[in-house]
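Per chain, numbering begins at 1; letters A, B, ... match sequence-line order.
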Number of protein chains: 2
Amino acid sequence: MADGTSAATKRQEGQVPDIVIGRLPLYLRTLILLEKEGKEVTSSQELGKQLGISSAQIRKDLSHFGEFGKQGTGYAVSYLKGQLKEILNLDEVWSVALIGFGDLGHALVHYNRFSERRFNIELIFDADPDKIGHVINGIIIQNAEKIEEIIKAKGIKIAILAVPIEVAQTVTDKLVNAGVRAILNYAPITLKNIPQDVKVQTIDPIAHLQKMTYYLG
Amino acid sequence: MADGTSAATKRQEGQVPDIVIGRLPLYLRTLILLEKEGKEVTSSQELGKQLGISSAQIRKDLSHFGEFGKQGTGYAVSYLKGQLKEILNLDEVWSVALIGFGDLGHALVHYNRFSERRFNIELIFDADPDKIGHVINGIIIQNAEKIEEIIKAKGIKIAILAVPIEVAQTVTDKLVNAGVRAILNYAPITLKNIPQDVKVQTIDPIAHLQKMTYYLG
DNA sequence: TAGATTGTTAATCGATTAACAATC
DNA sequence: TAGATTGTTAATCGATTAACAATC
């Protein structure tokens, strides 16, 4: 994530590194898994083994936010899970706008894990007149021209961008303008003109594959 | 990513950091974009601006592999693109096996960028008897029980894992056993028992969203 | 208690940036 | 030439790891 930290916006005392924030969801994911397996207590060592990282790193990461464990015994799974959820602002249900209803958009709408994790896709937009008006999972596909108007009206802060490359930047400008603060970007392009308080995460499967083929030489 | 490489490497002065390898596909992506725009020459500054990273970092990254630019003028777009493709082993067509033909698998098969970038999905597997035997894009959906047999026979090195969490590890074991060396994993779980020479990249959209909600507090 | 594990400090390791001679 | 930009070195910055006192 480009956090746009410049000399003028030096990391303030007590601010947690972005790379640490990125690991918290993995810790949470693992705790949920352990809980499902019936584990009530865990340790930095066990978590580390599950995730393939060191126990020291986990303890260090958590120490940015407080003390959650007990010497000699470790962490109560349910408690730590709750604390991480709170830290990550996951106690509320987040409304999400999906932009683009092609194959990917279709798959995302049917991906149950979004709602399981309390990300509710509440709006769908597309530019194709043949799609506009159709109802998917009780959601009407809206005209992409109304993105700003409707998102602003609903106060939605999170958008999933699943549009073709060519329109990704234009749509992004609209989303930012509509007050969106987090964009999950599936277009394989670096989005520009992102204000400091708007976060972007780009998912590009091709980039992942190409990173791996390097090692297949 | 573990660097599982023998002493007999192509590069004498040691290993290129994995984090650098991860940026090469982004450089390539940007060069392709610039080429499409008709640009014949670019610079580390321009590339950096496009990607939101420093020009120094781009020059440093490229310097691990050789000298590709000219002082005063910069880089020939087409040439640098070709060099990066070569470095990343992208001159050949890679056959890919897709495991799991749910909504996500469906979207992936229809995602043209895979074939555009020379990743050809050649095999599809699913465990559902209702799906086995159906033909998608000229590819028969095969019984998941034949994963090892068929992948081994075809010598396929890259797999995309789009199966439910519960079976992800079991399928992974089979893939590794069948000789797969790169796994693009869409199951939100850390895969275990991965040999050093097998690479895994996990894509978890929920983790990305949760990273961003931290900042929405 | 004895063993285990946390939270934290200090040391190490690695990545990024700044700066500049070389040179197109 | 004058301006621009590379490739590289050294300095800086930041992240990870090791180690251990505290203590459950």
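- Contacts between residues 38-48 of chain A and DNA chain C, defined by a heavy-atom separation under 4.0 Å, are made by Ser43(A), Ser44(A).
- For the pair Asp18(B) CG and dC13(C) P, the computed distance is 19 Å after rounding to whole Å.
- In this structure, the NE2 atom of His64(A) is 12 Å from the P atom of dT9(C), given to the nearest Å.
- By the salt bridge (charged side-chain N to carboxylate O under 4.0 Å, His left out) test, Arg59(B) is found to be paired with no residue, residues two or more places apart in sequence or in another chain being considered.
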Tell me, what's DNA chain D's dot-bracket, Watson-Crick or G-U with both distances under 3.5 Å, | for other-strand, [ ] crossing?
..||||||||||||||||||||||
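- As a whole-Å value, the separation of Ile19(B) CD1 from dT16(D) C1' is 13 Å.
- Residue pairs meeting the side-chain hydrogen bond (donor to acceptor under 3.5 Å, both in side chains) criterion with at least one member in residues 116-127 of chain B, sequence neighbours excluded, are Ser95(B)-Glu122(B).
- The stretch residues 98-115 of chain A participates, sequence neighbours left out, in these side-chain hydrogen bond (donor to acceptor under 3.5 Å, both in side chains) pairs: Tyr111(A)-Arg113(A), Arg113(A)-Asp204(B).
- Residues forming a side chain to side chain contact (heavy atoms under 4.5 Å, CB included) with Lys60(A) (at least two apart in sequence, or on another chain): none.
- The pair Asp173(A)-Lys192(A) does not count as a salt bridge, with every side-chain nitrogen at least 4.0 angstrom from each carboxylate oxygen.
- Remark: Lys70(B) engages no residue in a salt bridge (charged side-chain N to carboxylate O under 4.0 Å, His left out) (not counting sequence neighbours).
- Put simply, Arg23(B) has no side-chain N or O that comes within less than 4.0 Å of OP1 or OP2 on dA15(C).
- As rounded to whole Å, 18 Å separates atom P of dT5(C) from atom CD of Glu67(A).
- Between Ile58(A) atom CD1 and dT8(C) atom P there is a gap of 16 Å when expressed in whole angstrom units.
- The pair Asp91(A)-Lys85(A) fails the salt-bridge criterion, with no side-chain N (NZ, NE, NH1 or NH2) lying under 4.0 Å from an Asp/Glu carboxylate O.
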Nucleotide by nucleotide, 5' to 3', does protein get under 4.0 Å of the base (B), only the sugar-phosphate (S), or neither (-) in nucleotides 17-24 of chain D, counting heavy atoms?
BBB--BBB
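- As a whole-Å value, the separation of Tyr79(A) OH from dT6(C) P is 15 Å.
- Qualifying side chain to side chain contact (heavy atoms under 4.5 Å, CB included) partners for Thr30(B), counting only residues two or more places apart in sequence or in other chains: Leu34(B), Leu47(B), Gln50(B), Leu51(B).
- Listed by chain and residue number, Glu35(B) satisfy the salt bridge (charged side-chain N to carboxylate O under 4.0 Å, His left out) test with Lys81(B) (two or more places apart in sequence, or in another chain).
- Remark: C1' of dG7(C) and CZ of Phe68(A) are 12 Å apart, rounded to the nearest angstrom.
- Phe65(A) places its CZ atom 17 Å from the P atom of dT6(C), with the value rounded to the nearest Å.
- Residues that satisfy the side chain to side chain contact (heavy atoms under 4.5 Å, CB included) test with Ile147(B), not counting sequence neighbours, are Ile99(B), Phe125(B), Ala144(B), Ile151(B), Val171(B), Lys174(B), Leu175(B).
- For Tyr79(B), the side chain to side chain contact (heavy atoms under 4.5 Å, CB included) test picks out Phe68(B), Ala76(B), Gln83(B), with sequence neighbours left out.
- Contact annotation: Tyr75(A) side-chain N/O to dA4(C) OP1/OP2 distance is not under 4.0 Å.
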